[in-house]
Amino acid sequence: MKYIDEYRDAVSARRFARAIARIATREWTIMEVCGGQTHAIVKFGVDELLPPQITLLHGPGCPVCVTPIELIDKAAALGARSDVIFTSFGDMLRVPGTHSNLLEVKARGGDVRMVYSPLDALKIAQANPEKEVVFFAVGFETTAPANAMAVYQAAQLGVKNFSILVSHVLVPPAIEAILGSPDNRVNGFLAAGHVCAVVGYEEYYPLADKYRVPFVVTGFEPVDILQGIYMIVRQLESGRAEVENQYSRCVRREGNIPAQQITREVFEIVPRKWRGIGEIPYSGLGLREPYHTFDAERRFNLAGYAAEESGECISGEVLQGKLKPNQCPAFGTRCTPEHPLGATMVSSEGACAAYYRYRRLEVAHG
Amino acid sequence: MCLAVPGKLISTSGDGLERSGKVSFGGIIKEVSLAYVPEAQVGDYVIVHVGFALSTVDETEAHRVFEYLEQMDELEEISGQP
Ligand code: SF4
């Protein structure tokens with residue numbers, strides 16, 4: 001397909017990989033923040049093409065993986081109610097909560113439905129006025145404009161039986177949390193292309209200055225990722241810490257203004273808890289006051305949930321790039337995609353699931 | 001989750017925030033909101049995520065990766081690498 005196949009071309013990929021090997025004179029650690037990139041890197045073996053002096057760390061960029069466990073519990077509680085139709089993107093359905101996941105709730109008779117778009121959830125609400133329809137609004141900046149539009153339209157159309165359970169997170173605060181940590185080893189970041197398609201990349205300039213690290217806005221195909229890595233290594237080797245855009249076919253510096261407008265109309269910045277990491281200030285989105293009636297937590301009085309993570313799961317370390325999935329003692333044995341202990345084993349963009357699918361036979365060393 | 005795929009816009013209807021279009025992903029057609037890409041025209045490629053087009057693919061910029069590759073190799077020849 002156009003705009004996909006040419007960026008998977010093995011010859012171009014190898015040319016970039018060879019060029020990286022030629023210019024890298026010392027060891028560099030680069031983090032890709034986005035789970036979509038993690039998936040592509042592991043699937044296409046991008047990391048295996050790289051010279052040994054380049055280490056890729058997988059970052060926290062999978063919204064499914066960082067949605068706090070108590071929110072999964074709230075979703076399960078809503079899904080179990082007889083007056084509720086609970087709607088969600090498919091990849092949230094198998095994420096383990098404290099006692100069950102949404103698929104199990106559905107098997108026990110809950111009306112849990114997978115939707116492709118938040119607008120589909122709104123349509124379900126219009127078609128079922130006697131039911132409460134809740135949508136699990138999960139995601140990064142990429143998904144926020146879509147979820148905001150569903151709420152905006154619900155308000156415009158006066159749809160009273162629609163609400164969203166919000167778990168929206170933002171990428172730059174998570175990057176800053178990693179950079180600010182005393183044991184940070186990341187020298188440069190691949191900034192997530194589709195997040196930047198929405199919000200642009202203005203926000204990375206102060207981060208690049210403050211922490212002296214290069215950021216390269218990067219696409220999702222192997223050739224894109226290798227070019228992004230090449231651009232970072234070239235900056236590092238010449239002592240620069242700048243913001244560059246590899247993914248210029250889709251990303252403009254200012255981002256998508258109409259999408260930002262609707263997002264800002266509906267959402268405001270709030271502190272959020274990240275599963276496996278903890279609370280990060282200013283790191284998420286919540287509904288603004290005029291839209292509070294669409295907030296499922298308020299509508300159903302869901303305050304006061306607290307939950308503990310399975311003691312065995314080290315996904316917090318994995319999400320911050322401190323450990324690789326196959327260094328987890330439970331990886332592939334007690335924890336598999338069929339019986340996941342942590343969310344990073346569920347989503348196809350979770351690092352644990354990507355390693356399980358494509359790197360199963362590898363044994364971690366050390 | 002932030003997976004977004006390029007598809008070709010083959011028709012549009014409505015306007016403003018209600019504008020939508022049919023997008024072909026290698027022959028599979030989906031109805032997509034065009035609220036966020038007012039500039040997109042039939043024939044353009046758009047990047048689609050959860051039912052919304054988020055960006056129009058810039059044809060000229062799309063070649064840059066490969067131009068960059070050519071230049072990178074030329075530069076190395078000039079600098080006398082084997
Ligand atoms: S392999 Fe399973 S238990 Fe280990 S970190 Fe990943 S999700 Fe958690």
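Quick caveat: nothing in here was measured; it's all calculated off a predicted structure. A note on names: the letters A, B, ... follow the listed sequences, proteins ahead of strands, and every chain is numbered from 1.
With a 4.5 Å cut-off on side-chain heavy atoms, A/Ser167 and A/Leu165 do not count as touching.
Between chain B and the options A/Ala192, A/Ala197, A/Gly219, A/Pro145, the largest number of non-hydrogen pairs under 4.5 Å is found for A/Pro145. Contact count versus chain B (heavy atoms, under 4.5 Å) is highest, among A/Gln156, A/Lys2, A/Met1, for A/Lys2. For the options A/Gln261, A/Gln227, A/His39, heavy-atom pairs under 4.5 Å to chain B are most numerous at A/Gln227. Taking B/Glu70, B/Lys8, B/Arg64 one by one and counting their heavy-atom pairs under 4.5 Å with chain A, the maximum is reached by B/Glu70. Counting heavy-atom pairs closer than 4.5 Å to chain A, the top-ranked of the candidates B/Val46, B/Ile47, B/Val37, B/Leu17 is B/Leu17.
The six-membered or imidazole ring of A/Phe220 lies near that of A/His194, with a centre-to-centre distance under 6.0 Å. For B/Tyr45 and B/Phe25, the ring centers are positioned 6.0 Å apart or more.
Side-chain N or O atoms of A/Ser88 include none that pairs as donor or acceptor with a backbone N or O of A/Met114 at under 3.5 Å. When atom types are taken as modelled, the side chain of A/Arg249 and the backbone of A/Gln246 share no donor-acceptor pair closer than 3.5 angstrom.
To the nearest 0.5 Å, the span separating OG on A/Ser12 from CG on B/Leu69 amounts to 5.5 Å.
Interface remark: A/Arg18 contributes no atoms to any contact with chain B (heavy atom separation under 4.5 Å). Interface remark: A/Asn147 contributes no atoms to any contact with chain B (heavy atom separation under 4.5 Å). There is no contact between A/Gln260 and chain B, counting heavy-atom distances below 4.5 Å.
A donor-acceptor pair shorter than 3.5 Å cannot be found between the side chains of A/Glu349 and A/Thr38.
Of all residues spanning residues 53-61 of chain B, those with a heavy atom less than 4.5 Å away from chain A's heavy atoms are B/Leu54, B/Ser55, B/Thr56, B/Val57, B/Asp58, B/Glu59, B/Glu61, arranged by number.
Using a 30° and 60° split on the angle between ring planes, A/Phe135 and A/Phe89 fall in the perpendicular class, above 60°. Ring geometry for A/Tyr230 versus A/Phe16: interplanar angle of 30 to 60°, hence tilted.
A/Tyr152 meets the ring-ring contact (aromatic ring centres under 6.0 Å, His included) test with no other residue; sequence neighbours excluded.
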